[in-house]
A.B. asks: 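Attaching a single structure in structure tokens format; questions to follow.
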Amino acid sequence: MDSPQVLRRIGLMERFHITKAFLGLDTVILASAQYTTQDGTVLTPDILFPALRNLIESQAPLGLQTMGDEATANVSWVRLPSVDLSQVVEFSGERELADAYESQLARPIKTQTALPLWRVEVLADNTLIFANHHAICDGESLLSFHMLLFRALQETSTSTSVDASPVVMVPDTTLLIPPVEQLVDVRPSFLRTVQELYEHFAPASWRPARSAWSGHPTPLKAPPQINTHIRFLTLPSAESSQLLAACRAHGATITSVLYVLAINVLSRLLQSDPSIRYKRIAAITAISLRGAANLPREAIIDYPSSRTTYPRLDPIFSWADAARESRELASMKTSAAKTVGMLRWLFGQYVPFMQEKLGTRREAGFTMSNIGRFETPDVKGRWSVGRTVFAQSDVIVGHALAFSLTGDPSGALNFSFGWTDSSVDTPFVEQFIEGLREAILEII
């Protein structure tokens, strides 16, 4: 086999995700979409492989692997000579979607192998799950993959000449987009640097995190396997449309409203237990830097950032709070890049930085990630896309609960909730999910 082609050194966020997975603190991120036709066509290798071939031949991240010492900064992206689809695509038949997600989240993707950093599972109802190493693809890019796959299925279904063989030669001409720090100014201001250093080095009693709920403490060491529980919730298109209309009427967004509602529901649950004396909740909201980099919606990139807050317990919903949160998030569209820039202050010490998070407080009680709605590409063909779902893990030293959502072409909102037994109790999560559903219906 030919030697892989070295492309470039990994970037700041790419290294962050590679190190986290290397230490066994995270596994994969994944998203699914159901592909349907009017005549009930089933996704088979003869239909799917030509479409995946198109993506591999045009999208550099789908032909990547790593080379180097992942405990250090000496890691580079290399281009694989080929991808054998029979090794990364599984047709699993009848299976509950939640079971498939839990199984995928328990299986990290191996680096430094002859296989790419992604895999696909196809269920009996034509739901296709795309799972990948976070270093090649962020949450929004999971939907980008499905948009690209939808386009490729439409095009190959009308072509008279397609190649369904499993082995795809990876072209050496596809462009690997630079890391985020090369396209976005990630340099933190002096004030931001001081704030971050204060949060890290100030006495624990001085920090807002001290009185903030963040689930159970992190384990003393990384578990041999991360077993993430997954639950789904769907808000049908009619209710989703009502929610969106209410958000617009009050100067809020879906993300800001769900953030406030999550704080409200968690506040009620925490205040109902007299043994719990938290005053705040540690919360993370994911923010994409795709727009700040002026990259197209279908680009497959690893450009995430986030905003961490410590709101006080508040069981009562307020549209004013939702509108204020919306303005705060809007102001972070570019400034959130400074969070990525703070990684430079680690001076390459990613491993001890992450290991220090074991046996202590979690980073957050929940992380909310809204990767947006599946935007159907304008290409004619027989295929349609139904339900889309997105999920993640990062429940070892990150959050206690992953709260993720996406919209599908029907207008429905699909939520996923991920946690482990060591991060938060299952009955608590189930009460939160039901409470969130009721809280949404109360405001529309």
Side-chain angles (χ1 to χ4, degrees), residues 1-15 17-18 28-31 48-68 75-89 109-120 128 130-156 159 161-184 288-290 293-304 375 377 379:
M1 181 180 291
D2 296 333
S3 299
Q5 174 191 6
V6 179
L7 298 179
R8 63 166 171 82
R9 296 287 288 272
I10 58 174
L12 290 172
M13 281 307 303
E14 295 164 343
R15 185 180 175 194
H17 290 130
I18 285 173
V28 299
I29 60 173
L30 64 165
L48 181 58
F49 284 7
L52 288 174
R53 174 180 294 273
N54 280 10
L55 267 63
I56 294 169
E57 291 176 345
S58 62
Q59 304 298 319
L62 301 184
L64 290 182
Q65 251 298 345
T66 62
M67 181 176 70
V75 180
S76 296
W77 288 124
V78 296
R79 198 191 310 271
L80 293 171
S82 62
V83 173
D84 186 347
L85 292 174
S86 68
Q87 298 298 306
V88 294
V89 179
I109 289 181
K110 296 180 180 179
T111 52
Q112 318 260 353
T113 73
L115 297 178
L117 297 171
W118 58 274
R119 60 176 177 255
V120 161
L128 185 145
F130 174 61
N132 67 266
H133 196 299
H134 206 330
I136 66 165
C137 175
D138 58 24
E140 279 196 1
S141 297
L142 292 169
L143 275 193
S144 302
F145 170 88
H146 281 289
M147 293 173 192
L148 291 165
L149 181 60
F150 172 83
R151 183 187 298 276
L153 282 170
Q154 299 288 55
E155 292 171 350
T156 55
S159 175
S161 177
V162 295
D163 187 350
S165 58
V167 178
V168 182
M169 303 307 297
V170 179
D172 59 9
T173 55
T174 54
L175 173 66
L176 178 60
I177 295 173
V180 62
E181 63 268 25
Q182 291 187 19
L183 296 187
V184 180
S288 172
L289 297 176
R290 180 186 300 267
N294 294 313
L295 290 173
R297 182 63 188 87
E298 292 184 352
I300 296 179
I301 52 176
D302 184 32
Y303 277 40
E375 301 170 11
V379 54

A.B. asks: On a heavy-atom basis, which atom in Ala135 and which in Asp302 lie closest, and how many Å separate them?
C.D. replies: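 Nearest heavy atoms, Ala135 then Asp302: O-CB, 3.5 Å.
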
A.B. asks: In chain order, what residues pass the ring pair (Phe, Tyr, Trp, His ring centres under 6.0 Å) check against His134, with sequence neighbours excluded?
C.D. replies: His17

A.B. asks: Taking atom CG of Leu55 and atom CD of Glu298, what is their separation to the nearest 0.5 Å?
C.D. replies: 9.5 Å

A.B. asks: How about Asn132 and Ile300: do any of their side-chain heavy atoms sit closer than 4.5 Å?
C.D. replies: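 With C-beta onward as the side chain, the pair stays apart.
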
A.B. asks: Do Phe150 and Val379 make a side-chain contact, defined as non-hydrogen atoms from C-beta onward lying under 4.5 Å apart?
C.D. replies: yes

A.B. asks: Between atom CD of Gln87 and atom CZ of Arg119, what is the distance when rounded to the nearest 0.5 Å?
C.D. replies: 13.0 Å

A.B. asks: Do you know the tightest heavy-atom contact between Glu181 and Leu12?
C.D. replies: OE2-N, 3.0 Å

A.B. asks: Mind listing the closest non-hydrogen atom pair of Leu128 and His146 along with its distance?
C.D. replies: O-CE1, 3.2 Å

A.B. asks: How long is the straight-line distance from CE of Met67 back to CZ of Arg9, given to the nearest 0.5 Å?
C.D. replies: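 Nearest 0.5 Å value for the CZ-CE distance: 10.0 Å.
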
A.B. asks: CG of Leu142 to CE of Met147: how many Å apart, nearest 0.5 Å?
C.D. replies: 11.0 Å

A.B. asks: If I compare all heavy atoms of Ala131 with all of Ile109, which pair ends up nearest, and what's the gap?
C.D. replies: O-CD1, 3.8 Å

A.B. asks: According to the interplanar angle, ranging from 0 to 90°, do the rings of Phe130 and Phe145 count as parallel (below 30°), tilted (30 to 60°) or perpendicular (above 60°)?
C.D. replies: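 Aromatic pair Phe130/Phe145 classed parallel.
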
A.B. asks: Within the 4.5 Å heavy-atom criterion, are Val168 and Leu85 side-chain neighbours or not?
C.D. replies: yes

A.B. asks: For the backbone of Ile177 and the side chain of Arg8, can you confirm whether one donor and one acceptor N or O come within less than 3.5 Å of each other?
C.D. replies: yes

A.B. asks: Between OG of Ser141 and CG of Leu295, what distance do you get to the nearest 0.5 Å?
C.D. replies: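 It is 9.0 Å, given to the nearest 0.5 Å.
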
A.B. asks: Shortest non-hydrogen contact from Gly11 to Pro179?
C.D. replies: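 For Gly11 versus Pro179, the nearest heavy atoms are CA-CB, 3.7 Å.
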
A.B. asks: What's the separation between atom CD1 in Ile10 and atom CD1 in Ile136, rounded to the nearest 0.5 Å?
C.D. replies: 13.5 Å

A.B. asks: Name the residue from Val28, Val83, Leu30 that meets the side-chain contact (heavy atoms from CB on, under 4.5 Å) definition with Trp118.
C.D. replies: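 Single side-chain contact (heavy atoms from CB on, under 4.5 Å) partner of Trp118 among Val28, Val83, Leu30: Val83.
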
A.B. asks: Show your working on side chain to side chain contact (heavy atoms under 4.5 Å, CB included) between Asp138 and Arg290 and close with a plain yes or no.
C.D. replies: CA-CA 10 Å; Asp138 58 24; Arg290 180 186 300 267; 4.0 Å; yes

A.B. asks: For a quick test of reading the model, state the closest non-hydrogen atom pair linking Ala293 to Leu183 and the distance between them.
C.D. replies: CB-CB, 4.2 Å

A.B. asks: Distance-only, no hydrogens or angles: does the Gln65 side chain make a donor-acceptor pair with backbone N or O of Leu115 under 3.5 Å?
C.D. replies: yes

A.B. asks: Would you sort out whether Arg53 and Thr156 count as a side chain to side chain contact (heavy atoms under 4.5 Å, CB included), showing the intermediate values?
C.D. replies: CA-CA 10 Å; Arg53 174 180 294 273; Thr156 55; over 6 Å; no

A.B. asks: Taking the side chain from Trp77 and the backbone from Leu64, do they hold a donor-acceptor pair closer than 3.5 Å?
C.D. replies: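 The answer is no, because no donor-acceptor pair under 3.5 Å joins these two groups.
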
A.B. asks: Could you walk me through whether Ser165 and Val167 satisfy the side chain to side chain contact (heavy atoms under 4.5 Å, CB included) test, starting with their C-alpha distance in whole Å, then the side-chain angles of each, then the deciding distance to 0.1 Å, before giving a yes or no?
C.D. replies: CA-CA 6 Å; Ser165 58; Val167 178; 5.8 Å; no

A.B. asks: Any donor-acceptor pair under 3.5 Å linking the side chain of Arg79 with the backbone of Thr174?
C.D. replies: yes

A.B. asks: Please examine the side chains of Glu375 and Leu143, heavy atoms only from C-beta on, and report whether any two atoms are closer than 4.5 Å.
C.D. replies: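 Not touching, per the 4.5 Å side-chain cut-off.
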
A.B. asks: What I'd like to find out is whether the side chain of Val88 reaches to under 4.5 Å of the side chain of Val120, using heavy atoms alone.
C.D. replies: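 Sidechains of Val120 and Val88: no contact.
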
A.B. asks: With side chains defined as the heavy atoms from C-beta onward, is the minimum distance between Pro116 and Leu62 less than 4.5 Å?
C.D. replies: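 Pro116 vs Leu62: side chains apart.
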
A.B. asks: Do Thr66 and Ile18 have side chains that approach each other closer than 4.5 Å (heavy atoms only, starting at C-beta)?
C.D. replies: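 Counting from C-beta outward, Thr66 and Ile18 do come under 4.5 Å.
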
A.B. asks: Could you check Leu149 against Leu48 for side chain to side chain contact (heavy atoms under 4.5 Å, CB included), going step by step and ending with a plain yes or no?
C.D. replies: CA-CA 9 Å; Leu149 181 60; Leu48 181 58; 4.1 Å; yes

